[in-house]
Amino acid sequence: MSAKATVTQRGAVLLGDSVACDAFDETRPLRVVTHAHADHLVGLRRSLRSCEKVLMTAATRDLVEVINGSVALTDGSVEVLDYGETIKYGDERITLVKADHILGAAQVLVEDACGNRVAYTGDFKLDGTPVLDCDVLVLEATYGSPSFRRSFELDIEELLVSMVEKRLRDGPVYVFGYHGKLQEVMQILHSADVSVPFVMPERVFRVSKVCERHGMRLGCLTPSTGKEGKELLDGNLPCVAFYHMNSRQSVGLNGSRICVSGWEFQSPCRQIGDKEHLVALSDHSDFSGLLEYVRLSKPKRVVTDNYRVSHGVTLAREISRRLGIPAVAMPRKRGA
Ligand SMILES: [Zn+2]
């Protein structure tokens with residue numbers, strides 16, 4: 001039997017015979033949630049109703065409950081796995097392996113009775129992600145085009161710390177980013193001894209508390225809706241205010257502003273407004289990192305995830321051309 005892997009029109013990454021990752025699929029008894037970002041929670045409610053088991057790490061379970069809000073994961077079908085822990089289902093063995101992305105993120109390895117190994121990276125940044133040896137690899141394709149390469153060598157974390165420190169002299173610094181990334185920035189600032197209060201709205205606060213429960217050290221967290229948070233922001237006092245990217249148009253319009261995003265390839269830091277800068281802090285591998293993962297993983301075949309981004313086709317073509325490994329993008333047509 002040859003190792004099986006595909007990505008369906010609805011975004012389910014099917015591995016072997018029993019597993020569907022990151023979207024619901026009616027043919028699979030097991031659902032894996034690789035991490036808490038919304039594009040990996042497709043059809044979660046249906047999976048909770050229909051699947052025998054819904055597998056994820058404990059950190060992912062806790063983050064999904066806070067970020068998603070509307071699904072309760074206390075349901076009996078949810079089974080929490082640690083990194084490196086394996087469960088058996090029929091002839092298959094399923095293991096979650098750490099992925100360096102948002103807290104709790106996992107890669108998925110499925111091994112069948114014949115020893116075939118099928119792996120799915122989920123979203124990842126190569127630095128802290130162990131590369132899985134496998135026969136068939138399903139690869140994320142966020143930065144799957146050769147133009148998405150970050151060639152700058154400057155230390156982004158140092159740059160971020162010095163930017164924040166400098167701007168704090170004039171009052172609050174607003175940081176905008178996505179869940180997970182915001183907490184990464186808090187951790188960077190905290191470990192660099194930036195000791196002003198970190199102010200944030202309720203949901204960011206709750207996500208941060210989950211991160212602390214799972215071992216991240218984030219500093220002095222202060223809700224923006226409380227008395228202290230209000231006084232800091234209204235009084236223009238030195239603090240760092242963390243808001244989701246969606247609030248960018250409505251919050252801190254007159255303050256110093258920093259957006260953290262991976263969608264920047266020209267320079268590590270770029271001015272995008274009067275008092276606003278974009279800092280290129282990414283939690284995904286760039287194009288070179290994606291190719292490097294494939295090179296180290298040595299699969300016989302690669303499937304690129306063409307559901308979540310539009311660069312799956314380009315990435316598959318470049319893997320075939322540059323590494324000589326057969327690669328296809330799936331689903332072939334997006335959103336059909
Ligand atoms: Zn993600």
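All values below come from the heavy atoms of this structure, side chains included, with hydrogens, waters and symmetry mates left out. Order of appearance sets the numbers: ligands from 1, and atoms from 1 within every ligand. Residues: numbered from 1 along the sequence shown. Just so it is clear, the structure is predicted and the values come from calculations on it, not from any experiment.
Salt bridge annotation for Arg61-Glu65: absent, with no cationic side-chain nitrogen under 4.0 angstrom from a carboxylate oxygen.
For the atom pair CG of Leu291 and CZ of Arg295, the computed distance is 10.0 Å after rounding to the nearest 0.5 Å. Here the CD-CG distance, from Glu140 to Asn306, works out to 13.0 Å after rounding to the nearest 0.5 Å.
Met216 and Phe124 end up in different hydrophobic clusters when Ile, Leu, Val, Met, Phe, Trp and Tyr side chains are linked at under 4.5 Å. Taken together through direct or relayed side-chain contacts under 4.5 Å among Ile, Leu, Val, Met, Phe, Trp and Tyr, Phe205 and Leu189 form part of one hydrophobic cluster.
The distance cut-off of 2.8 Å around the Zn ion (ligand 1) captures these protein N, O or S atoms, sorted by chain and number: His35 NE2, His37 ND1, His101 NE2, Asp123 OD2.
Within the 6.0 Å centre-distance limit, the rings of Tyr178 and His244 are counted as a close aromatic pair.
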